[in-house]
Amino acid sequence: MDVTELRARARRHLGPHFTRKDTWESDFPVFVRGEGSYLIDTEGDRFLDGLAGLFCVNIGHGRDDIAKAASEQIGTLAYASNWGSAHIPAIEASALIADLAPGDLGTTFFVNSGSEAVETAVKFARQYHRSQGNPQRTKIISREMAYHGTTLGALSVTQLPKIKDPFGPLLPGVRSVPNTLGYLGDCGPANELDCIAAIEAVIEEEGAETIAAVFAEPVQNGRGALVPPDGYWAALRALCDKHGILLVSDEVICSFGRLGHWFGHGLTGVVPDMITFAKGSTSGYAPLGGLIVREQLVRELYDSPKGGVFTHGATWGGHPVSTAVAVANITAMRDENVLGNVSARGPKLKSALDSLMRSHRCVKDVRGTGFFYAIELMADSDSGREFTEQESLTVLRKVLPEAFARTKVILRGDDRGATMLMISPPLVADDEVLSELLHGIDSMLTDIEKAIQP
């Protein structure tokens, strides 16, 4: 079957995710295999996967060892649940994750995606407080422009109106607070920052006794790879401790090496009460997500008069094949020092991106760390002119898609609060791959400047 027929079948039968109708009607690539940092389509063209799938293919494509782990598990035990029983892959995966997680974050509830992981965190926070005699603690605080998932509970915690509005009304009692845009490095005492003071003001307004949890990413994806200022997470931790609120670190993107650390603690130095994860745990080789919870909290829920069980579960939660893949993936990342590659090459990547900012008038800012970056775009940095709405649409819907196809470098145009280019290569990318990535980005920025006058 040729690619024209494959596209026709896709348009008729396959429901695309977050894809505009005009994109689905274009000559989109159909991929057939992956090798390292590259995807190969039906025509044999190689595309550099500069987004690591969707921030997830951390160890790279085409790993025979991970495919073998999945195959052997299917042949041994294709399915068993974790309801009143257990199986070896889930036990091994949870123990491995506990060894890598900070503090006493030692219990993992496996699910199938990042959205489900956030949903699980919301439910655990509510049931935990209820089990401790505080059923009024149901409200959630999350940050402006933050994306936390698409299931209704996770979507409620998300603070992106464009993707929330079609599904309202959503879960009540979710408050939005400022993110850390504009704050970087040493901004003075963190507890005096406006973005921290705003959280305390919301807590006071709502009543601390009604707040269940605060959700935040170590580096926020929505609004473009927002790296927190010094002391910000310590101030969050102190605020939550002061008011008896659970602190949830949403690490669906940030965990398993994306920032050069296994978990956000390596960047923030703070042990949260819960960590959500997904993507990099299997490097995209199988669906898996999870919620890691402090063991003390799990004990307190189970041992309480109103506890005894976390009333939550899913048929596929902790699936044998997915957890076997997680063990193979995480073990390989550890043994091959993949995180060391990010730590060594991440600063060089940031320096190169900063150089592009200085050489292109369409670049307003470069943010990020590790192998996770955003380039914020504008019409002309010399004069300070931002894009018009139509110019932004032209860049996102025409210039960048055409540049991705021409350069064979896959990145993501983003319109959440600004016009941005998101960059997230596989964590195994070497100097040659990163050089190709940077040349592609340089060419894309040139295309933008040709299309948009100063």
Side-chain angles (χ1 to χ4, degrees), residues 117-149 151-161 164-165 167-181 183 189-217 220 222 228 231-250 268 270-276 291 293-294 296-307 310-312:
V118 171
E119 198 89 11
T120 303
V122 172
K123 292 177 73 174
F124 185 91
R126 283 188 161 200
Q127 189 177 350
Y128 170 79
H129 287 302
R130 180 177 291 272
S131 76
Q132 303 305 298
N134 299 300
Q136 77 283 358
R137 283 190 180 268
T138 61
K139 297 175 184 176
I140 303 293
I141 294 173
S142 57
R143 302 185 296 181
E144 292 172 357
M145 304 305 297
Y147 175 80
H148 293 290
T151 54
L152 285 180
L155 189 61
S156 301
V157 180
T158 291
Q159 297 294 352
L160 294 166
K164 290 165 68 83
D165 291 348
F167 307 104
L170 298 173
L171 194 69
V174 179
R175 289 292 304 269
S176 173
V177 294
N179 55 45
T180 61
L181 181 67
Y183 296 95
N191 60 352
E192 297 179 7
L193 297 178
D194 290 344
C195 52
I196 290 292
I199 300 174
E200 190 144 31
V202 167
I203 292 172
E204 182 176 349
E205 181 181 334
E206 294 291 333
E209 72 284 356
T210 70
I211 310 295
V214 170
F215 280 72
E217 298 158 273
Q220 182 171 313
Y232 175 83
W233 270 82
L236 272 186
R237 178 75 274 179
L239 199 56
C240 289
D241 288 344
K242 175 182 176 181
H243 296 292
I245 298 167
L246 298 178
L247 178 58
V248 183
S249 184
D250 183 356
T268 68
V270 168
V271 178
D273 296 302
M274 293 183 263
I275 294 174
T276 60
L291 174 70
V293 186
R294 292 180 55 216
Q296 176 186 340
L297 300 179
V298 176
R299 286 196 301 270
E300 289 173 351
L301 187 153
Y302 282 169
D303 293 343
S304 71
K306 296 182 179 180
F310 178 31
T311 316
H312 180 64

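Counting only residues at least two apart or on different chains, the salt bridge (Lys or Arg N to Asp or Glu O under 4.0 Å) pairs with a member in residues 130-143 are Lys139-Glu206.
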Side-chain donor-acceptor pairs of residues 195-202 under 3.5 Å, sequence neighbours excluded:
unit_1	atom_1	unit_2	atom_2	d
Glu200	OE2	Lys242	NZ	3.0

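Looking at residues two or more places apart in sequence or on another chain, you find a salt bridge (charged side-chain N to carboxylate O under 4.0 Å, His left out) between Glu205 and Arg175. Residues satisfying the side-chain hydrogen bond (donor to acceptor under 3.5 Å, both in side chains) test with Thr158, not counting sequence neighbours, are none. For Asp241, the salt bridge (charged side-chain N to carboxylate O under 4.0 Å, His left out) partners at least two apart in sequence or on another chain are Arg237. Residues passing the side chain to side chain contact (heavy atoms under 4.5 Å, CB included) test with Thr138, sequence neighbours excluded: Arg126. By the side chain to side chain contact (heavy atoms under 4.5 Å, CB included) test, Ser142 is found to be paired with His148, Val157, Gln159, Val174, Phe215, residues two or more places apart in sequence or in another chain being considered. Residues meeting the side-chain hydrogen bond (donor to acceptor under 3.5 Å, both in side chains) test with Arg299, sequence neighbours left out: none. Judged as a ring pair (Phe, Tyr, Trp, His ring centres under 6.0 Å), and not counting sequence neighbours, the contacts of Phe124 are Phe310. Legend: residues meeting side-chain hydrogen bond (donor to acceptor under 3.5 Å, both in side chains) with His243, ordered by chain and number and at least two apart, are absent. Remark: Arg294 pairs with Asp104, Asp273 by the salt bridge (charged side-chain N to carboxylate O under 4.0 Å, His left out) rule, at least two apart or across chains. Glu192 meets the side-chain hydrogen bond (donor to acceptor under 3.5 Å, both in side chains) test with no other residue; sequence neighbours excluded.
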